[in-house]
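Chain A is the first sequence line, chain B the second, and so forth, proteins listed ahead of strands; every chain is numbered from 1. These numbers come from a predicted model, not from an experiment. The analysis underlying the following values was restricted to heavy atoms, covering all of them including side chains, and did not include hydrogens, waters or symmetry mates.
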Amino acid sequence: MAKEYKFREIEKKWHQKWVEQQTYRVTEDTTKPKYYVLNMFPYPSGAGLHVGHPLGYIASDIYARYKRQQGFNVLNPMGYDSYGLPAEQYAIQTGQHPEKTTFRNIDRYREQLDKIGFSFDWSREVRTCTPDYYHWTQWAFQKMFNSYFDEELQKAQPIEKLIDKFKAEGTWPADEQAQSELLMQHRIAYLGETMVNWCPALGTVLANDEVVNGVSERGGYPVEQKKMRQWCLRVSAYSQRLLDGLDTIQWSESIKETQRNWIGRSEGAEIQIKLAGNPGESEDSFTIFTTRADTMFGVTFFVLAPESELVDKVTTPGQRAAVDEYIKYVKSRTERERMIDHTVTGVFTGAYGINPITGDKCPIYVAEYVLAGYGTGAIMAVPAHDSRDYAFAKHFNLPIIPLIEGADVSQESYDAKEGTVMNSPVSKDKSMEYDGESLCLNGLSIKEAIAETKRFVKEHGLGRVKVNYRLRDAIFSRQRYWGEPFPVYYKRGIPTMIPEECLPVELPQVDKFLPTETGEPPLGNATKWAWDEKNKKIVENSLIDEENVFPIELYTMPGFAGSSAYYLRYMDPHNNEALVSEKAASYWQNVDLYVGGSEHATGHLIYSRFWNKFLFDLGVSKKEEPFQRLINQGMIQGWSSFVYRLRDTNKFISFDLLEEQYDDAKKKNLYFYQGKEADPVYADISMVNGNVLDVEKIRQWTPEFGQAEFILNANGQYIVNQAIEKMSKSKYNVVNPDDICERYGADTLRLYEMFLGPIEQSKPWDVAGIDGCHRFLKKFWMLFWDKDGQLVADDSEPTAENMKSLHKLIKKVSTDIEEFSYNTSIPAFMVATTELTNQKCHSRRVLEPLVALITPFCPHIAEELWEALGHSTTVCDAPWPEFNEKFLVETTVKMPVQFNGKVRFTLDLPADMAKEEIEKTALTAPEGQKYLEGMQVVKIVVVPGRIINIVIKPA
RNA sequence: GCCCAGAUGGUGGAAUCGGUAGACACGAGGGACUUAAAAUCCCUUGGCUUCACGGCCGUACGGGUUCGAGUCCCGUUCCGGGCACCA
């Protein structure tokens, strides 16, 4: 009897053994080099894992196992990002404590993960919602509170240093309140009155990356701008370092570019503009920011952002009413409206500014197209060379002065930064003189003109060169329950830190997860949420006396708080004294390989880099960048199936019977049946076979379908419409990995997920092909057993052919793993297996390395075969086979081409082979002889790799 | 609008540095074994043309460089992602 591949038994057996033998447990082993592999930890949602989740985990597991076999001490931990909105929303609906549902979901995730055979060291698991974990989130926050960013040193420094500086300068106020306010302007974690993205439906503020197209990322609810006092992190202070760091890490170019865009560095100049005929107000000048200093001669007006404090100061009494009206209008508009609708609006303030270069008096407007948060909130408008200024000038009939030779500005502005400058100045007396020098840019290129203007402005004290960043500080508080509480109390209104030794401040119990009746966040429902300063403990709210007992912060931290430094905690997860010990941090340093989705490009991956840089400044983190190499796995999409219900009926029409019409306005297809519109309804993927609906099955699914009438096509089938969409429970297109494990085994699942295509690409899940992977594993298995079920391995000498098949595979698989193109390794495995089967290879010296090679991909079958081969140690430590080129030496001429007296060969030859040998080989190869006969070899050029050019001439 | 990444059979995708395009797999069709099914194995499978041998055309489109281009250069179209009144 042939030995059957019983994957269920094999996988169960090894899952148990791995647990018993603690196969994947790692310690700081200084005798080995370290390698740190990390997956973005999942948020444990109620829906469980679908086949898309493990994609990245499998990819990183393969790499981790490969590194381990190469002799590295590999840290490969896993945990849960377990604070989050869904659990809280669920709690509001059901009254169940979010911790309960979260832990239940975690158990389910763990069960699913365990089936796939990952090499995670579970002894290092972290959960962001447990006090021993968020202790260190709170601790980091306090450190940020007690630090400021020193612009000169470009790093975080203790706040005491700043206080000393103020004291030395004599600017340190006596009043406690004033001290607090002064320091707030410098602390890295600070309480700030800022415009925030307020989402009324979620009842909380959101960070910029949580708002997409003016609506909340989660739920898609409208977001408005609101001025609120919030905790913020001074991420913007690190802009330059965040930008510079990108050049030192191996991330995909596209994600680096996304971050560069988000940081948005722009070099420009700030220029002082004097007000003309100062209308008796305190202010006599304002500052504008421009990247196009070269266009100073084309300025025809100035514009202030509506939110700018300057508006109030410059507005003349005559224009006051109009300006107030306009500000009121701007406030009435939501973020979304402003983003979609770019109609030109604005109003004249009545004031004029003086162009310091030309001395011209230009009107000052207020318009919403200028943003308060960027630059100085004031601009100089050059309608000829900026499309927004152009639209504004046309609307308000303001002059347009072209400054670039050949630029036609009669229809649109000329925004491009190329060309030769003219009209700058138009004539000599149109340029102001400073210290005997006046500016002239005519004839210069734009680039030269910018530099020249900057120099002029700087040298004559008209302004300064300035770099601006688009990156904003992160809003760090949320008006939610299920998050880290702030270790902060308000001592007579002054935010004060709860002493470090009293951390963690645990999340209090509440009976309701909704905001209070007075509109306070959910923590307002807690009755024991006051800080007793004297006794250093949390006490009942009723004891608040504003002398010794003070209210504690009601906000909680946002989702990214817990995920910003979790990689450090994995190094030393049970440490009660520190976030991470010096020893562990020094050993593990930073993450060598990070795998996760690219959707975190402007969120987690920026915050985490910022957080790490801060901890690096503190000396806690040992590397400036937390993630050396980043791989972004693509999404696995699902095939959604739609059935069509005739509107206002319970009749479902087979898709092929419908008439299709494209609606341009809605940008989608509409379907009609006998003139009546039919609406799509999701059908569960499990009820569809190909594109045919199992009508009986769907009838049992919901009562709605149970009573429905299904109109079938001529073949008696109900055809569904299909579309590729993101895999999601609500789209009923989820494929569960458990089912695949049950049917084919984890090894097949692992192999197949890699076989689907390049890791970084999004691709639809398609079960076609999984049979092929399973079949391969069976073939691979059968390579080791004879027809009686006996192991075939013996000590025989491998043939040259055997070694060639093996070493071809070693080479391919090794480079593929390094380059993360696992999908191309799998065909190579298939070819090698077929070759070795045909060669009837029984040699241990081939079979053992073969098992070692498949270990990262399919660890279960590998362990089983490794054991069968007589090893008592785990295959995880089987050394990675070394590639030896000599086994590939068997010359075959792949492609001879003759031209111009040159012959080019492609040969399978080692790169370091001596030239004479190459020549000999080439000349004796049958194809070579055909071309070289009667020729004299003049020169042989060996291109590294295995291509040679042979230059010949007639003998 | 700006930036980034793509486009190869019915499908996923191979093709190393510019060297036989379509490896490998899926799907489809045909066959063997079998009472039958499953499993397994074998053959065919880019298009057009030919009884056949073969020939011609083919890597989104149009040019270019080269003895030779899927690959390099210029331009165009389309799809995906990011940013977007950022001065």
Side-chain angles (χ1 to χ4, degrees), chain A residues 2 4 209 212-213 252-266 268-269 288-293 295 299 302-303 305 338-345 367-382 385-389 391-392 415-416 468-472 598-599 601-602 632 634-635 690 751-752 755-758 760-773 775-776 778-779 782 811-812 815-816 819 821 823-832 834 894-906 943-947 949:
Chain A
E4 207 184 319
D209 68 284
V212 179
N213 291 329
S252 74
E253 227 15 78
S254 72
I255 210 155
K256 284 193 196 177
E257 203 53 40
T258 302
Q259 290 211 344
R260 286 191 191 108
N261 276 339
W262 190 260
I263 296 167
R265 180 193 155 102
S266 64
I288 56 97
F289 175 76
T290 181
T291 54
R292 291 292 301 274
T295 57
V299 175
F302 298 100
V303 189
R338 251 173 107 161
M339 273 171 72
I340 293 168
D341 174 21
H342 285 187
T343 332
V344 176
T345 64
E368 60 178 335
Y369 83 88
V370 174
L371 304 177
Y374 185 75
T376 58
I379 62 153
M380 61 179 211
V382 186
H385 302 293
D386 183 288
S387 53
R388 296 152 301 177
D389 298 346
F392 195 84
D415 291 16
N468 259 321
Y469 301 90
R470 201 163 54 206
L471 185 68
R472 306 292 156 82
S598 58
E599 67 273 18
T602 55
N632 299 114
M635 223 181 332
L751 208 54
Y752 184 59
F755 186 56
L756 270 177
E760 311 219 55
Q761 208 165 77
S762 287
K763 56 238 157 189
W765 177 262
D766 181 3
V767 278
I770 198 160
D771 286 304
C773 286
R775 213 174 298 149
F776 156 71
K778 278 197 212 167
K779 270 195 215 167
M782 289 315 295
K811 190 174 183 207
K812 177 76 180 145
T815 51
D816 279 352
E819 288 162 15
S821 49
N823 57 323
T824 60
S825 287
I826 291 157
F829 268 115
M830 294 182 179
V831 169
T834 307
K894 275 195 194 156
M895 211 226 83
V897 178
Q898 190 175 14
F899 63 92
N900 288 4
K902 265 193 213 166
V903 173
R904 190 181 172 91
F905 285 100
T906 306
V943 183
R946 50 183 63 101
I947 292 161
N949 282 320

Walking RNA chain B from its 5' end, the first of A:Gly377 and A:Cys773 to be reached, judged by nearest nucleotide, is A:Cys773
Quick check for you: to the nearest 0.5 Å, what is the distance between A:Ile826 atom CD1 and A:Phe755 atom CZ?
6.5 Å
Set of ring-ring contact (aromatic ring centres under 6.0 Å, His included) partners for A:Tyr752, sequence neighbours left out:
A:Trp765
Would you classify A:Arg292 as touching base, sugar-phosphate or nothing, given that sugar-phosphate means primed atoms plus P, OP1 and OP2, and contacts are heavy atoms under 4.0 Å?
sugar-phosphate
Once pairs are restricted to Watson-Crick or G-U wobble with both distances under 3.5 Å, how does RNA chain B read as a dot-bracket string, [ ] for crossings and | for other-strand pairs?
((((.((..(((......[....)))((((((.......))))))((((....))))..(((((..]....))))))).))))....
Is there a side-chain contact between A:Tyr369 and the phosphate of B:A87, meaning an N or O under 4.0 Å from OP1 or OP2?
no
What's the gap between B:G22 and B:G70 when it is taken at their P atoms, as a whole Å value?
12 Å
Using only side-chain N and O atoms of A:Arg260, determine if any of them is under 4.0 Å from OP1 or OP2 of B:G82.
no
Is B:G9 syn or is it anti, if syn means the base angle is within 90 degrees of 0?
syn
Is any side-chain nitrogen or oxygen of A:Asn468 closer than 4.0 Å to OP1 or OP2 of B:A87?
no
For A:Asn823, give me all partners under side-chain hydrogen bond (donor to acceptor under 3.5 Å, both in side chains), at least two apart in sequence or on another chain.
none
Expressed in angstrom and rounded to an integer, what is the separation of A:Tyr752 atom OH from B:C24 atom C1'?
14 Å
For A:Thr834, give me all partners under side-chain hydrogen bond (donor to acceptor under 3.5 Å, both in side chains), at least two apart in sequence or on another chain.
none
Please name the pair of heavy atoms, one in A:Ala372 and one in A:Ala305, separated by the smallest distance, quoted to 0.1 Å.
N-CB, 3.5 Å
Salt bridge (Lys or Arg N to Asp or Glu O under 4.0 Å) partners of A:Arg472, counting only residues at least two apart:
none
List for me each residue that meets ring-ring contact (aromatic ring centres under 6.0 Å, His included) alongside A:Tyr469, sequence neighbours excluded, and say none if there are none.
none
Apply side-chain hydrogen bond (donor to acceptor under 3.5 Å, both in side chains) to A:Ser825 and list each qualifying residue two or more places apart in sequence or on a separate chain.
A:Asp816
Quote, to the nearest angstrom, the C1' distance that separates B:G47 from B:A39.
36 Å
Quick one: label A:Gly772 by what it contacts on the DNA or RNA (base, sugar-phosphate, nothing), any heavy atom closer than 4.0 Å.
sugar-phosphate
Tabulate protein N/O versus nucleotide N/O from nucleotides 2-12 of chain B, keeping only pairs under 3.5 Å, one per line.
| unit_1 | atom_1 | unit_2 | atom_2 | d |
| --- | --- | --- | --- | --- |
| B:C3 | O2' | A:Glu257 | OE2 | 3.4 |
| B:G12 | O2' | A:Leu756 | O | 2.5 |

Residues forming a side-chain hydrogen bond (donor to acceptor under 3.5 Å, both in side chains) with A:Thr345, sequence neighbours excluded:
A:Tyr326, A:Glu368
Here the distance between atom P of B:A14 and atom CG of A:Asp816, to the nearest Å, is 10 Å
Looking only at atom C1', what distance separates B:A69 and B:U65, rounded to whole Å?
10 Å
Atom P, compared across B:A36 and B:C26: separation rounded to whole Å:
25 Å
Classify the ring geometry between A:Phe829 and A:Phe776 as parallel (under 30°), tilted (30 to 60°) or perpendicular (over 60°).
tilted
For a quick check of understanding: with a heavy-atom distance under 4.0 Å over all strands, which category does A:Val370 fall into, base, sugar-phosphate or nothing?
base
Is A:Arg265 touching bases, backbone alone, or none of the nucleic acid, heavy atoms closer than 4.0 Å?
nothing
Answer with base, sugar-phosphate or nothing: what part of the nucleic acid does A:Asp415 contact at a heavy-atom distance below 4.0 Å?
nothing
Heavy atoms only, 4.0 Å cut-off, all strands: where does A:Ser266 land among base, sugar-phosphate and nothing?
sugar-phosphate
Whole-Å C1' distance, B:G46 and B:A38:
33 Å
